[in-house]
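Working notes, beginning with the structure itself.
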Amino acid sequence: MTLFRLGYVAMSVHLHNASPSQTVTYKRFAQMKDQEAAKRKLERTASANLQNCLRLLKHNKAHDIQFFRLSSRLVPLATHEALQGWDYIGPIKQDLKMLGDYAGENRMRLDFHPDHFVVLNARDQEIFQSSITVLKYHYLLLHHMGIDPTHRCVFHLGGRYKDKESSLERFIENWALVPKGIQKMVMIENDDTSYTLNDCLYVCEKLQIPLVFDLHHHMANYDHKEWEENWSRVLETWTHSPLPVKMHISSPKSPEAFKSHADYVDPDMFLTFIEKTAGTTDQIDCMIEAKQKDEALFQLVGELRKHPRIKMRSESSFEWMR
DNA sequence: TACTGTCAAGTTAGG
DNA sequence: CCTAACTTGACAGTA
């Protein structure tokens with residue numbers, strides 16, 4: 001039997017005034033005359049973000065949701081080069097621990113998806129180094145939450161640079177320069193413009209990195225449309241992970257804007273995926289990437305539970321009955 | 001209070 | 001070579 005578990009991204013459309021991504025822009029920060037006071041403002045914002053994050057986890061618990069992507073913007077300007085040397089962890093240690101403890105007590109799977117500024121296959125050393133800085137920031141947050149950082153941070157292979165083959169190989173070369181602790185934290189996802197499922201499998205198998213399969217990206221960018229033929233290879237990349245297989249689910253906004261995320265998830269496409277993968281592994285955690293966030297999850301569950309072969313195991317998890 | 005322009009970072013497509 | 005689009009919520013200034 002395969003347990004399918006649903007999660008959502010970073011913020012709730014139901015919980016008001018609970019943004020975990022409040023910020024102070026660098027421009028505003030630089031305008032403030034008292035730099036120490038400005039740093040205190042950053043710290044207060046970070047603390048408020050973490051408090052809001054805790055509210056989100058409580059909301060998730062109330063709805064039986066145990067899978068959640070944390071915002072990468074919890075600490076404003078944490079990795080900005082003008083703020084090197086700023087101890088952004090110290091002032092929020094208690095908040096981080098409280099969040100991590102709550103997640104642990106309630107067996108929640110939390111992870112991160114830093115945005116497109118992480119480019120490990122960069123040609124430019126500075127871009128590579130700033131990518132490492134961003135990953136280290138994620139590592140420290142996890143560490144101080146008391147969460148094992150293994151396989152908690154997903155991103156893409158990087159740029160194509162007009163030569164996909166050599167750019168793919170450069171990811172492998174650069175990987176040797178990535179600190180071991182950060183290597184263990186990483187998962188790789190197929191993207192919608194450059195690196196396909198095949199490309200990612202090649203790298204993930206070589207470097208022993210779990211592959212997060214994004215079905216929507218696959219439909220926008222593939223070598224072989226039939227992903228099923230490679231599904232067992234995807235599962236294999238998770239063999240040595242302490243965590244269940246993870247994937248991303250979203251639907252195209254429209255045929256014209258195919259790559260954009262729709263407000264909600266199309267249940268039919270998802271049901272097809274479920275039918276094809278049910279029974280292939282113990283558990284698959286599905287991250288819902290939709291504009292309507294948790295509401296999209298609720299609506300999807302509402303549709304799924306009407307299906308005769310779907311047996312709900314909680315408000316956000318289910319099995320497929322053969 | 002509601003609306004609009006602006007905001008750290010990178011890459012790609014297009015002119 | 002340069003710029004806009006991508007994606008994108010939140011902030012700050014203005015109406």
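As the structure is a prediction and not an experimental result, all values here were calculated from the model. Chain letters run A, B, ... following the sequence lines, proteins first, then strands; residues in each count from 1.
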Fill in the blank from the handout: When rounded to whole Å, the CG to C1' distance for the pair Asp191(A) and dT11(B) reads 11 Å
Practice task
Not counting sequence neighbours, which residues clear side chain to side chain contact (heavy atoms under 4.5 Å, CB included) with Asn17(A)? List them please.
Solution key: none
Exercise for the section: State which residues pass ring-ring contact (aromatic ring centres under 6.0 Å, His included) with His224(A); sequence neighbours excluded, sorted by chain then number. Expected result: none
Exercise for the section: Can you tell me, in whole Å, how much space there is between the P of dT7(C) and that of dA13(B)? Expected result: 13 Å
Exercise for the section: Answer yes if the ring centres of His156(A) and His217(A) are under 6.0 angstrom apart, and no otherwise. Expected result: yes
Fill in the blank from the handout: Here the pair of heavy atoms bringing Leu197(A) nearest to Val234(A) is CD1-CG2, 3.9 Å
Problem - Selection: residues 18-30 of chain A, any non-hydrogen atom under 4.0 Å of DNA chain B - result: Thr25(A), Tyr26(A), Lys27(A)
Which pairs of donor and acceptor atoms, one on a side chain in residues 274-281 of chain A, lie under 3.5 Å apart (sequence neighbours left out)?
from	atom 1	to	atom 2	distance (Å)
Lys276(A)	NZ	Glu228(A)	OE2	2.5
Thr277(A)	OG1	Phe273(A)	O	2.9
Thr280(A)	OG1	Trp231(A)	NE1	3.1
Thr280(A)	OG1	Thr277(A)	O	2.6

Exercise for the section: For Arg170(A) and dG10(B), give me the distance from atom CZ to atom C1', rounded to whole Å. Expected result: 14 Å
Completion exercise
Nearest heavy-atom contact between Phe68(A) and Val9(A) is CE1-C, 4.2 Å
Problem - Contact summary for Ala103(A) and Leu57(A), nearest pair of heavy atoms - result: CB-CD1, 4.2 Å
Handout entry: Integer angstrom distance from the P of dA12(C) to that of dT8(C)
Key = 22 Å
Problem - Asn221(A) side chain near Asn190(A) side chain, heavy-atom distance below 4.5 Å - result: no
Problem - Non-neighbouring partners of Met98(A) that pass side chain to side chain contact (heavy atoms under 4.5 Å, CB included), sequence neighbours left out - result: Leu54(A)
Completion exercise
Here the residues of residues 74-90 of chain A within 4.0 Å heavy-atom distance, strictly under, of DNA chain B are Leu77(A), Thr79(A), His80(A)
Exercise for the section: Determine the Euclidean distance between corresponding P atoms of dG5(B) and dA4(C); express it in Å to zero decimal places. Expected result: 15 Å
Practice task
List the atom of Pro114(A), the atom of Val154(A), and the distance in Å for their closest heavy-atom pair.
Solution key: CD-O, 3.5 Å
Mind listing the N/O atom pairs, protein and nucleotides 12-15 of chain B, below 3.5 Å?
from	atom 1	to	atom 2	distance (Å)
dT12(B)	OP1	Arg160(A)	N	2.4
dT12(B)	OP1	Tyr161(A)	N	3.3
dA13(B)	OP1	Arg160(A)	NH2	3.0
dA13(B)	OP2	Arg160(A)	NH2	3.2

Practice task
Check the side chains of Glu289(A) and His216(A) for a donor-acceptor pair under 3.5 angstrom, ignoring hydrogens and angles.
Solution key: no
Donor-acceptor contacts, no H, no angles, side chain residues 257-268 of chain A, under 3.5 Å, sequence neighbours left out:
from	atom 1	to	atom 2	distance (Å)
Lys259(A)	NZ	Asp192(A)	O	3.3
Asp266(A)	OD1	Asp268(A)	N	3.2

Completion exercise
Between Cys286(A) and Phe4(A), the two heavy atoms sitting closest are SG-CD2, 4.3 Å
Problem - Salt-bridge present (Arg40(A), Glu43(A); N to O < 4.0 Å) - result: yes
Exercise for the section: Please measure how far the P atom in dG13(C) lies from the corresponding atom in dA8(B), and state the result in whole Å. Expected result: 14 Å
Practice task
Could you give me the stems involving DNA chain B, meaning stretches of three or more consecutive Watson-Crick or G-U wobble pairs whose two defining distances are both below 3.5 Å?
Solution key: B:1-7 with C:9-15, B:10-15 with C:1-6
Exercise for the section: Taking heavy atoms of chain A and a 4.0 Å limit, find me the 5'-most and 3'-most nucleotide of DNA chain C within that range. Expected result: dT7(C) to dG13(C)
Problem - Six-ring centre of Phe318(A), Arg5(A) cation under 6.0 angstrom, axis tolerance 45° - result: no
Handout entry: Interface with DNA chain C, restricted to residues 121-140 of chain A and to heavy atoms under 4.0 Å
Key = none
Practice task
Using a 4.5 Å cut-off on heavy atoms from C-beta on, say whether the side chain of Trp320(A) contacts that of Met1(A).
Solution key: no
Exercise for the section: Give every residue pair that meets the salt bridge (charged side-chain N to carboxylate O under 4.0 Å, His left out) criterion with at least one member in residues 105-118 of chain A, sequence neighbours excluded. Expected result: Arg109(A)-Asp285(A), Asp111(A)-Lys246(A)
